[in-house]
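The next block holds one structure in the form of structure tokens; read it before the comments.
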Amino acid sequence: MKSSHTVYTLAVGALETNCYLLAEASSRAALCIDPGDDAEAILDLAARHHLSVAGIALTHGHGDHIGAVSALRAAWDVPVYIHDADAVMLTSAERNLSVHLGVHISTAAPDTTLDDGMTIDFGDTRVRVLHTPGHTRGGVCYLVREATPVPLLFSGDTLFAREVGRCDLPGGSFPTLQQSIRAKLYTLPGNTRVFPGHGPPTTIAEEQRENPHVRLNA
């Protein structure tokens with residue numbers, strides 16, 4: 001079956017954060033997820049593929065996921081979305097921890113704060129917000145289930161291939177992260193394609209079977 005969406009990926013910044021451009025194959029409408037750095041490269045990627053970016057969606061507020069927000073927001077004139085619990089991290093280099101990376105990243109407050117179950121719509125695509133705290137208090141994953149052959153999940157730093165996000169930073173909790181993954185992610189169809197904040201893609205079925213940190217049945 002021909003895919004209705006294309007996912008363009010750029011690993012950006014010192015921590016090689018995955019920035020995603022989720023695009024409708026037909027309309028070229030797109031959503032930018034986690035632009036952590038390298039705004040010019042992201043702008044170039046969108047231009048080369050003739051994408052019309054409708055918004056910037058953040059999985060959480062850490063500095064390595066938000067570094068290009070200001071430049072892209074200005075270039076595209078689009079809204080920025082983040083969960084309410086992480087919104088304060090956008091405006092504070094201390095809270096988003098970028099100061100500890102030797103940089104001072106901050107941007108304006110978000111246009112829209114999110115909560116569990118809300119949606120972000122662009123083109124004919126509906127992106128559902130799954131609140132998955134544990135890495136940060138306001139961590140979310142973005143799920144596309146309708147109008148795509150297999151579900152697509154953008155998991156930020158909640159779930160990686162055979163790994164999970166660290167929980168030893170402010171706002172982190174390993175038991176909370178485990179609960180988020182079991183209740184919100186492992187209940188998704190096994191063929192769901194998972195696009196994490198760092199590293200290669202995976203699937204829910206693979207992580208249910210092989211992730212050593214969160215077993216399907218604890």
Side-chain angles (χ1 to χ4, degrees), residues 2-82 86 89-91 93 96-99 101-112 114 120-127 129 140-144 147-150 152-158 160-161 193-202:
K2 186 176 180 181
S3 177
S4 55
H5 292 77
T6 302
V7 178
Y8 300 96
T9 308
L10 275 178
V12 299
L15 300 184
E16 296 191 325
T17 301
N18 288 329
C19 171
Y20 297 105
L21 294 173
L22 168 65
E24 293 184 343
S26 55
S27 72
R28 313 310 291 157
L31 183 70
C32 179
I33 300 171
D34 285 355
D37 203 349
D38 301 342
E40 288 302 320
I42 299 168
L43 289 168
D44 179 67
L45 180 65
R48 281 190 286 113
H49 293 283
H50 308 289
L51 305 183
S52 176
V53 178
I56 298 169
L58 305 173
T59 60
H60 63 290
H62 283 154
D64 62 313
H65 288 252
I66 68 171
V69 166
S70 289
L72 296 180
R73 183 188 235 165
W76 290 329
D77 190 24
V78 296
V80 173
Y81 305 90
I82 194 170
D86 276 12
M89 298 170 78
L90 292 187
T91 59
N96 66 43
L97 307 183
S98 61
V99 66
L101 298 175
V103 292
H104 288 73
I105 295 169
S106 64
T107 186
D111 299 275
T112 299
L114 304 171
I120 299 171
D121 299 335
F122 70 95
D124 293 322
T125 301
R126 172 155 289 183
V127 180
V129 177
V140 302
C141 298
Y142 295 112
L143 175 66
V144 182
T148 185
V150 299
L152 309 176
L153 181 77
F154 298 86
S155 61
D157 286 3
T158 297
F160 306 128
R193 289 280 288 166
V194 179
F195 298 91
H198 303 269
T202 183

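Numbers for residues simply follow the sequence, beginning at 1.
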Margin query: Testing the basics here: between Leu90 and Pro110, what is the closest heavy-atom pair and its distance to 0.1 Å?
Written below: CD1-CD, 3.7 Å
Margin query: Let me confirm one number: the CG-OG1 distance from Leu21 to Thr6, rounded to the nearest 0.5 Å.
Written below: 11.0 Å
Next item on the list: Answer yes or no: is there a donor N or O on one side and an acceptor on the other, between the side chain of Ser98 and the main chain of Ile105, under 3.5 Å?
Entry: yes
Check: Can you tell if the side chain of His198 reaches within under 4.5 Å of the side chain of His65, non-hydrogen atoms only?
Finding: yes
Check: Where the side chain of Asp34 meets the backbone of Thr59, is there a donor-acceptor pair that is under 3.5 Å apart?
Finding: yes
Checklist line | For Ser27, side-chain hydrogen bond (donor to acceptor under 3.5 Å, both in side chains) partners two or more places apart | finding: Glu24
Next item on the list: Taking the side chain as every heavy atom from C-beta outward, state whether Ser4 and Pro149 have any atom pair closer than 4.5 Å.
Entry: yes
Margin query: The test is side-chain contact (heavy atoms from CB on, under 4.5 Å); show your working for Leu152 and Phe195 and say whether it passes.
Written below: CA-CA 8 Å; Leu152 309 176; Phe195 298 91; 4.0 Å; yes
Notebook entry, point to check: What is the ring orientation for Phe122 with His5, classed by angle as parallel under 30°, tilted 30 to 60°, or perpendicular over 60°?
Noted result: perpendicular
Next item on the list: Measure the CG-CG distance between Leu43 and Leu51 for me, rounded to the nearest 0.5 Å.
Entry: 11.0 Å
Notebook entry, point to check: If you take all heavy atoms of Ala57 and Leu31, which pair is closest and at what distance?
Noted result: CB-CD2, 4.0 Å
Notebook entry, point to check: Measuring from Asp38:CG to Leu45:CG, what's the distance to the nearest 0.5 Å?
Noted result: 11.5 Å
Next item on the list: Using the test ring pair (Phe, Tyr, Trp, His ring centres under 6.0 Å), find all partners of His104 that sit at least two apart in sequence or belong to another chain.
Entry: none
Check: Hey, does Tyr81 have a side-chain heavy atom less than 4.5 Å from the side chain of Ile56?
Finding: no
Check: Taking side chain as C-beta onward, heavy atoms only, is Leu58 less than 4.5 Å from Val69?
Finding: yes
Margin query: Measuring from atom CG of Asp111 to atom CD1 of Ile82, what distance do you get when rounded to the nearest 0.5 angstrom?
Written below: 11.5 Å
Note to self: Could you walk me through whether Asp121 and Val127 satisfy the side-chain contact (heavy atoms from CB on, under 4.5 Å) test, starting with their C-alpha distance in whole Å, then the side-chain angles of each, then the deciding distance to 0.1 Å, before giving a yes or no?
What the structure shows: CA-CA 6 Å; Asp121 299 335; Val127 180; over 6 Å; no
Check: How far apart are the closest heavy atoms of His50 and Arg28, and which atoms are they?
Finding: O-CB, 3.2 Å
Item checked: Closest contact, heavy atoms only, Ser106 versus Ser70 -> O-OG, 3.8 Å
Can I get a per-line list of side-chain donor-acceptor pairs under 3.5 Å for residues 12-20, giving both atom names and the distance, sequence neighbours left out?
residue	atom	partner	partner atom	Å
Thr17	OG1	Asp64	O	2.9
Thr17	OG1	Asp64	OD2	3.1
Asn18	ND2	Tyr20	OH	3.2
Asn18	ND2	Pro196	O	3.0
Asn18	ND2	Gly199	O	2.9
Tyr20	OH	Pro196	O	2.5

Note to self: Could you walk me through whether Leu10 and Ile42 satisfy the side-chain contact (heavy atoms from CB on, under 4.5 Å) test, starting with their C-alpha distance in whole Å, then the side-chain angles of each, then the deciding distance to 0.1 Å, before giving a yes or no?
What the structure shows: CA-CA 7 Å; Leu10 275 178; Ile42 299 168; 3.9 Å; yes
Notebook entry, point to check: Within a strict 4.5 Å, meaning less than it, do heavy atoms of the Arg48 and Asp44 side chains meet?
Noted result: yes
Notebook entry, point to check: How long is the span from the SG atom in Cys141 to the CG atom in Leu153, to the nearest 0.5 Å?
Noted result: 5.0 Å
Margin query: Please check: side-chain N/O of Arg126 versus main-chain N/O of Ile120, any donor-acceptor pairing under 3.5 Å?
Written below: no
Item checked: Pair His62-Asn96, side-chain contact (heavy atoms from CB on, under 4.5 Å): steps then yes or no -> CA-CA 4 Å; His62 283 154; Asn96 66 43; 5.7 Å; no
Next item on the list: List the atom of Gly197, the atom of Phe160, and the distance in Å for their closest heavy-atom pair.
Entry: N-CE2, 4.0 Å
Notebook entry, point to check: Nearest heavy-atom pair of Ala39 and Leu72: which atoms, and what distance?
Noted result: O-CD2, 3.8 Å
Next item on the list: Identify whether the distance between the nearest side-chain nitrogen and carboxylate oxygen of Asp77 and Arg73 falls below 4.0 Å.
Entry: no
Checklist line | N/O donor-acceptor pair under 3.5 Å between Tyr8 side chain and Ala23 backbone | finding: no
